[in-house]
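Below is one structure, written out as C-alpha cells, with a few remarks after it.
Starting from 1, each residue takes its place in the sequence as its number.
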Amino acid sequence: MGRIRILPDQVANKIAAGEVVERPASVVKELLENSLDAGATELRVEVESGGRRLIRIVDDGCGMLRDDALLAFERHATSKLRDVKDLLSIATLGFRGEALPSIASVSRLLLETRSAEETTGTRIEIAGGRMLRCEEMALGGGTVITVRDLFYNVPARRKFLRTEQTELAHIASLVTHYSLAHPAKTFLLTSGATQLLNVTPVATLKERVYQVFGSHLLEDLVEIGFREKTLIIPPVSAPPSEGLSTADPEEPRSRTFRLTGFFSRPQVQKANRNSIFIFVNGRLIRDRLMLHALSSAYYNLMPPSCFPFALLFLECDPEEVDVNVHPSKTEVRFRHGPWVHDFVRDTIRERLIESRPAPTFTPAARPLSPGAQPAAALPYSEFTQALANEEPPGLAASAIEARPAPSIAAPVDESFESAPVFSLHPPPAPAPRFDFTAPPLEVTPGPPPSGKLRRNLDAHGAFPADALPPPEMSLSVLSELRPLGQIHESFIVAAGRDGLWIVDQHVAHERVLFEQVMKQRAAGRVEMQRLLMPLVVQLTAEQQIDYARIADELHASGFETEPFGHRTIAVKAAPAAIGAANVERILCEILETVEGEPAGTSLEDLRRAICASIACRAAIKINTRLDAGKMEWLLRALAATDCPMSCPHGRPIALHYSTREILKAFHRL
Ligand code: ADP
Ligand code: MG
C-alpha cells in the first residue's frame with residue numbers, strides 16, 4: 001500500500017503557500033531535504049552550469065513504490081503529513097507536498113526510484129509539468145532525480161538567475177552546510193568534472209568541521225559542547241498558535257531544548273551575517289530571533305556592526321516550533337520565543353566567557369574593508385564571494401578565516417596616529433581547505449597517496465589527531481605577566497611563560513571598570529558623587545523623549561537627574577568614577593546609544609550601554625605614562641575580569657605572540 005497521500009483541502013489550505021523554486025539552489029535544497037527525509041546515508045549531488053543545465057541528486061534512501069512515484073508529482077501529495085494535527089509537530093524536513101510538482105513544472109525532470117519492497121524500479125519523465133513516460137525498469141535501491149534545463153519554459157525566471165558561478169556558490173554552500181548538520185552521512189558535490197565537496201562519515205561535528213574547513217577555522221572556534229535546558233510549561237498554557245492544539249491544558253509539561261555547535265571567538269569579525277548557520281531540528285533556517293540571540297551573546301565583546309561565524313544546532317520538541325510559516329521553510333516561529341532567545345544567548349555567552357580566548361598575534365590582520373566580504377544580499381555566500389572573485393583554488397575559502405582587525409572609530413580622546421613601530425614576518429599563506437578544483441578523490445583504498453592528493457585526503461577524509469589546534473591559550477596567564485614597558489605610552493608590552501603580550505592599556509582598563517560598574521549596578525550600590533553645582537544639560541526634542549524612557553535606569557546607574565524647564569535637565573550627582581567634566585558628554589553618548597532603538601530594547605542592553613560609557617570615559621587614556629606598579633596592577637585586574645579578551649565596545653584588548661611563533665619567525669622551528 002502506497003505511503004503518499006494527497007492532502008485534504010482543509011490541510012492543504014493551512015500550508016504556507018508560495019513558490020519554492022526560485023533558483024537552482026532552491027531545487028537542490030528541496031531534493032536534498034527529500035533524500036534526508038528518505039533516510040539516505042549517502043547523498044551525491046551533480047550539477048552543470050551552476051545547476052541551470054543539470055542538477056542530479058542520487059540517494060540511497062527508502063525509494064518510492066511505483067504508485068507513489070506517480071502520485072508524488074501531484075500538488076499536496078506527501079507521505080509526511082496526514083491531517084491538520086500533524087502540522088503541529090513536523091519532524092521531517094518536507095511536509096508541503098509541493099516541491100516535486102513545482103520543480104517538474106519548470107524543467108525536464110527524470111525520476112528513477114526503487115523501494116526495497118519492490119523488485120523493479122520506476123522511471124518517470126516529465127517536461128514542463130507534462131508526463132512524457134512512465135516505465136518499469138531494473139534499478140538499484142534509492143532514488144535518482146535529474147533536473148535538466150531549469151526554467152526552460154519560463155524565460156522570465158531564467159533572466160533573474162545570477163552568473164553560473166554565483167548560482168554554483170549558493171549550491172556549494174547549501175550542500176556544505178547540510179553536510180555539517182549530518183556528520184554521519186556521506187556528501188558529494190561535483191560541478192562538471194570538478195569535485196567541490198567529498199566528506200565521508202565521521203563521529204562528531206568537530207571532525208566534520210575539520211573536513212570541510214580545515215584546522216585553521218577550528219582554532220578560532222569555541223565548541224558549545226552539549227547544553228540543554230528544560231522549560232516547564234505551567235498548566236494554564238499560552239494559547240497555541242493558529243488555534244490548533246493537541247495538548248491537554250491541565251497538564252504541566254516540560255520541554256527540553258538542546259544547543260550544540262560552534263561559534264567564533266570575538267576576534268573573528270565578519271561584515272555580514274553570511275557566516276551564521278542556524279539549524280533548528282536539522283533544518284537550515286534564517287531566523288531573526290536566533291540571530292538576535294547570537295548578536296546579544298557578543299554584546300560588549302564585538303563591535304555592533306560585526307558578526308561572528310556560527311554553526312548552531314537547536315533541537316527541541318517539534319511542537320515547540322512552527323515550521324509552516326514560509327513556503328521555503330526557512331523561517332520558523334517558536335512557541336516560546338523569548339525563552340528560546342534567552343537560552344541561546346546565555347548559553348553562547350557563558351561558553352564565550354568560560355573559554356576566555358586570547359587573540360593570537362596575527363600580522364595578517366587586515367582592515368575590515370567593505371569589499372572584503374560583500375554579497376550581503378545572498379543567503380549562502382561565503383562561497384559566492386570566493387568563487388566570484390575567481391581566487392586561486394587553494395584560497396577559495398580563505399574568506400572564512402579572514403580575521404580582520406576591527407575598524408570601529410576610536411573615541412575622540414584617543415587620537416593616536418603613528419605608523420606601527422615594528423612589523424613582524426609576512427602572513428603565512430593560508431592552508432588550502434576547500435579546494436574547488438581538486439581532482440576527484442580515490443574512494444577505494446589504494447597505495448598511500450602523495451603530495452597534493454595526500455593533503456586533499458587529509459582535508460576531506462581522515463582526521464589526524466595532531467592537526468587539531470593546541471589547547472586554547474587562556475587569558476588567565478595575564479596575571480603572571482611581567483610588564484617590560486610601554487610602546488608609545490599606550491600599549492603595555494609584557495613577557496609571559498609563553499611568549500610576548502601586548503595589551504592596549506585604555507581598553508584593558510575600560511574592561512576592568514566596566515565589570516566593576518556592572519557589579520555595583522547589579523548590587524544597587526553605584527558610588528555616586530554630588531556635583532558642586534547642578535549641571536544643566538540641553539536636550540533635543542527627541543533626546544527628551546529618550547531621556548524620559550531611561551531616566552530610572554540612569555538614576556540607578558548613578559546619575560541623579562531631574563527635568564529642569566523646557567528641554568533641559570539638571571544633573572545633581574554622577575557616578576564617582578567619572579570626572580564632572582565628562583558628565584555631559586557621557587549623558588549625550590548614552591542618549592545617542594538609545595536613540596532610535598525600539599522601545600522594547602531590553603533593560604539589560606541599556607544597562608550595559610550606560611556602564612560601557614562610564615567605563616570608557618573613566619579609563620586610563622592612551623598616551624599616558626604608567627609606572628611598572630600600575631602596569632602590573634592593570635594586568636592583574638584584567639586577568640580577574642570575566643571577559644579579558646575584548647573591551648565593552650568589542651575591540652580586542654590583548655595580543656599574544658606565542659613562543660612558537662617567535663621560534664618560527666627566527667627559523668628555529
Ligand atoms: P514533501 O517532501 O513535502 O512531502 P515533495 O514534493 O518534496 O513533498 O515530495 C513528495 C513525496 O515524494 C514525499 O512525501 C516522499 O514520499 C516522496 N519522495 C520525494 N523524494 C524522495 C526521495 N528522494 N526518496 C524517497 N521518497 C521521496
Ligand atoms: Mg520535499
Side-chain angles (χ1 to χ4, degrees), residues 292-293 295-301 303-305 338 341-342 345-346 349 408-409 411-413 509-619 642-643 647-650:
H292 188 269
S295 305
S296 313
Y298 283 85
Y299 197 83
N300 292 131
L301 295 175
S305 54
H341 174 275
D342 292 357
R345 179 197 59 199
D346 297 346
R349 199 168 175 88
I408 56 165
V412 265
D413 61 335
H509 194 209
E510 202 177 347
R511 166 54 67 185
V512 172
L513 291 176
F514 172 72
E515 293 195 5
Q516 195 178 312
V517 181
M518 283 288 284
K519 276 185 192 129
Q520 288 178 0
R521 171 68 192 81
R525 285 188 287 100
V526 178
E527 280 174 50
M528 282 163 95
Q529 180 188 306
R530 257 183 196 275
L531 303 182
L532 288 178
M533 285 238 296
L535 180 79
V536 177
V537 180
Q538 196 92 38
L539 303 179
T540 64
E542 200 184 344
Q543 281 176 329
Q544 190 165 23
I545 298 167
D546 290 331
Y547 165 73
R549 187 152 61 86
I550 64 169
D552 287 348
E553 183 55 37
L554 275 176
H555 188 257
S557 304
F559 291 94
E560 196 183 316
T561 61
E562 58 186 43
F564 185 75
H566 182 59
R567 294 220 307 243
T568 45
I569 52 170
V571 187
K572 296 182 164 168
I578 54 175
N582 278 321
V583 173
E584 181 167 0
R585 209 141 130 201
I586 293 188
L587 272 177
C588 289
E589 216 172 75
I590 294 170
L591 286 169
E592 235 166 66
T593 323
V594 297
E595 188 183 299
E597 288 280 318
T601 304
S602 84
L603 198 60
E604 174 73 12
D605 288 357
L606 173 62
R607 199 164 287 170
R608 285 174 173 278
I610 294 177
C611 293
S613 282
I614 296 173
C616 179
R617 291 296 156 199
D642 286 340
C643 291
C647 87
H649 300 107

Short N-O contact, Glu553 and Arg521, less than 4.0 angstrom: yes
Ignoring hydrogens and geometry, is there a side-chain-to-backbone donor-acceptor pair from Arg349 to Ala297 under 3.5 Å? yes
Heavy-atom check, side chain of Ser296 versus side chain of His292, under 4.5 Å: yes
CE of Met533 to CG of Leu535, rounded to nearest 0.5 Å, is 9.0 Å
Run the salt-bridge test on Asp546 and Arg549 with the 4.0 Å N-O cut-off and return the result as yes or no. yes
Find the distance between CG (Leu591) and CD1 (Ile545) and round it off to the nearest 0.5 Å. 11.5 Å
Which atom pairs, donor and acceptor, lie under 3.5 Å between side-chain atoms of residues 522-531 and protein residues at least two apart or in another chain?
unit_1	atom_1	unit_2	atom_2	d
Arg530	NH2	Glu560	OE1	2.4
Arg530	NH2	Glu560	OE2	3.3

Report the distance from atom CZ of Phe514 to atom NZ of Lys519, rounding to the nearest 0.5 Å. 10.5 Å
Mind listing the side-chain donor-acceptor pairs of residues 569-577 below 3.5 Å, one per line with the distance, residues two or more places apart or on another chain?
unit_1	atom_1	unit_2	atom_2	d
Lys572	NZ	Glu562	OE1	3.3
Lys572	NZ	Glu562	OE2	3.2

Among residues at least two apart in sequence or on other chains, which ones pass side-chain hydrogen bond (donor to acceptor under 3.5 Å, both in side chains) with Arg608? Asn300, Glu604
Side-chain contact test, heavy atoms from C-beta onward, threshold under 4.5 Å: evaluate it for Ile614 versus Leu513 and give yes or no. no
Reported CD-to-CZ distance for the pair Glu592 and Arg585, which is rounded to 0.5 angstrom: 11.5 Å
Check whether any side-chain heavy atom of Ile578 sits under 4.5 Å from a side-chain heavy atom of Phe559, and report yes or no. yes
Smallest heavy-atom separation, Glu589 atom then Ser613 atom, equals OE1-OG, 3.0 Å
ring-ring contact (aromatic ring centres under 6.0 Å, His included) against His555, all qualifying residues, sequence neighbours excluded: none
Could you grab the distance from atom CD1 of Ile550 to atom CG of Leu587, nearest 0.5 Å is fine? 8.0 Å
Might you point out which heavy atoms bring Glu510 and Ala612 nearest each other, and give the distance in Å? OE2-O, 4.4 Å
Report the residues that fulfil side-chain hydrogen bond (donor to acceptor under 3.5 Å, both in side chains) with Thr561, sequence neighbours left out, ordered by chain and then residue number. Tyr547
Quick one: side-chain hydrogen bond (donor to acceptor under 3.5 Å, both in side chains) partners of Glu515, sequence neighbours excluded? Arg511
